[in-house]
Amino acid sequence: MEPRTPLPPRLLDSLDDATRAAVTDADRRTAAVAMLDVIEAVPPFSSRVALRSAWLKELRACLAELGPKPPEPLGIRMLNSIARTAFAARETTAGLAAADAAYKRALATKDVAAEAMVLANRLPFVARTSLSDGARDALRLAELLPLVQPLTPQREAEVRLAFVAWHGTRADPHATRKELVLLGKVRLPHEDGLVFVAYASQVALAQMYLRSGQRIPAVKALIEAARLADEEQAFAELANLQALIAAIAVQAGDFKAAVAHARSALDAAERSACQHAQPDPWLGLPLDVSAVDSAAAGIHSLAEAVLTAQDW
């Protein structure tokens, strides 16, 4: 077998010695598994899309050397990682397509662990698009959980976040609170993934407070989520949060604060590399940000937002 093309130094520099040795292993399967571990450990913030995409490019090249069709379960894990990266990039349609392909292959190979993994990652986005499809996925995921225990802490957190998003989308605060409590009991390692879980948890808390009319604690949770997004330079997430805080300030009659947060939202949206500023599924609210430069464009954007909200 021909020697592998060296990986870019910028991808290797941040890895520890053991991981670096694994992703550069001469055995393609060993290297592919290690790359998948690296990709799955990268938190799915919009700011990490470029890094995840760079690793996915190397992974696909590595798997291509094993044959025209990636061996399972590597192929399923790759498709699932592609889906999650697309979701982080706000490319929901592409993400759902990749997740659907991964799910079909999991069913074909009767891999229940892979099936549960795919369902957990796509449920928040499926639920926001269709409550009936969300109910189908949530029910199936609940059926699979006893069959795939014990889960790793990371997988457990992904499952709990999926159910948080599902219950939040269907406006069930009691079930959402229960899932957040279970999520809080998961012993996650202190690494990058923990930041994303903290971010999503704060957004879910804000949603619960908003739907129960508790404006002040909702804003506190949103500000904490915004702080985490800002630290991660996750500008798509930050734009959504700042816009929502601005809207709450308008409701409270604090127009000075509303203008300040609205300007911060626009600034974050302009700094985001994402083409769409879709809301995070853990928020479960039809929120969008559009940077427009004319009254006509603003009216058109608002009209589209109304139609989208009606669809949801």
Side-chain angles (χ1 to χ4, degrees), residues 45-46 90 124-125 127-128 131 134 160-184 195-232 234-272 276-292 298 301-302 304-312:
F45 283 113
S46 59
R90 276 18 189 197
F125 301 89
R128 196 179 66 193
L131 283 176
R160 293 304 157 203
L161 280 178
F163 281 123
V164 164
W166 163 239
H167 295 309
T169 300
R170 67 190 189 94
D172 186 339
H174 176 73
T176 304
R177 186 179 298 108
K178 180 180 177 181
E179 288 298 336
L180 281 169
V181 170
L182 291 173
L183 175 62
V195 179
F196 182 80
V197 173
Y199 163 80
S201 300
Q202 291 295 334
V203 176
L205 283 171
Q207 180 210 76
M208 289 176 55
Y209 286 131
L210 283 173
R211 286 183 167 168
S212 60
Q214 300 180 66
R215 188 179 294 158
I216 294 176
V219 171
K220 289 181 178 179
L222 288 170
I223 289 174
E224 175 60 17
R227 182 187 67 79
L228 293 169
D230 187 44
E231 288 182 354
E232 294 296 321
F235 297 120
E237 292 87 340
L238 182 59
N240 278 318
L241 295 173
Q242 291 286 15
L244 185 53
I245 295 170
I248 296 172
V250 170
Q251 291 178 336
D254 190 344
F255 298 107
K256 184 177 180 180
V259 169
H261 285 289
R263 285 174 173 162
S264 295
L266 286 172
D267 178 62
E270 290 172 353
R271 298 173 71 187
S272 172
H276 311 288
Q278 296 171 354
D280 288 296
W282 299 274
L283 195 53
L285 297 173
L287 175 67
D288 202 0
V289 176
S290 296
V292 296
S301 177
L302 287 172
E304 288 187 338
V306 169
L307 292 174
T308 301
Q310 289 174 342
D311 289 342
W312 286 349

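- Contact annotation: the side chain of Val203 never approaches that of Asn240 to less than 4.5 Å [non-hydrogen atoms, C-beta and beyond].
- With values rounded to the nearest 0.5 angstrom, Asp254 atom CG is found 9.0 Å from Lys256 atom NZ.
- Taking CD from Glu237 and CG from Asp230, the interatomic distance works out to 11.5 Å, rounded to the nearest 0.5 Å.
- Between Pro281 and Pro124, the closest heavy-atom pair is CB-O, 3.4 Å.
- The shortest heavy-atom contact between Arg90 and Asp280 is NH2-OD1, 3.0 Å.
- Side-chain contact between Val195 and Phe45 is present, with at least one heavy-atom pair separated by less than 4.5 Å.
- The structure places CD of Gln251 at 8.0 Å from CG of Leu210, a figure rounded to the nearest 0.5 Å.
- Between the side chain of Gln242 and the main chain of Arg263, no donor-acceptor pair closer than 3.5 Å is present.
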_Pair Trp282-Thr169, side chain to side chain contact (heavy atoms under 4.5 Å, CB included): steps then yes or no_ = CA-CA 8 Å; Trp282 299 274; Thr169 300; over 6 Å; no
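- Ion pair Glu231/Arg227 flagged as a salt bridge, since at least one NZ, NE, NH1 or NH2 atom sits closer than 4.0 Å to an Asp/Glu carboxylate oxygen.
- Between the side chain of Ser272 and the main chain of Ala268, no donor-acceptor pair closer than 3.5 Å is present.
- Proximity of Glu179 to Thr176: side-chain heavy atoms (C-beta onward) are nowhere separated by under 4.5 Å.
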*Show the numbers, then the answer: is there a side chain to side chain contact (heavy atoms under 4.5 Å, CB included) between Lys178 and Arg160?*
CA-CA 10 Å; Lys178 180 180 177 181; Arg160 293 304 157 203; over 6 Å; no
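- For the atom pair CG (Asp172) and CH2 (Trp166), the distance works out to 10.0 Å, reported to the nearest 0.5 Å.
- Shown here for Leu241 and Tyr199, the closest heavy-atom pair between the two residues is CD1-CE1, 3.7 Å.
- Taking the six-membered ring for Trp and thresholds of 30 and 60 degrees, Phe163 and His167 have nearly parallel ring planes, at less than 30 degrees apart.
- Heavy-atom minimum distance, Ala246 versus Ala262: CB-N, 3.7 Å.
- Taking both residues in full, the closest heavy atoms of Ala204 and Val164 are given as CB-CG1, 3.5 Å, listed atom of the first, atom of the second, then distance.
- Atoms CG and NZ, from Leu205 and Lys220 in turn, are 13.0 Å apart once rounded to the nearest 0.5 Å.
- The two atoms that bring Leu238 and Ala226 nearest to each other are CD1-O, 3.6 Å, heavy atoms only.
- A donor-acceptor contact shorter than 3.5 Å is absent between the side chain of Arg177 and the backbone of Met208.
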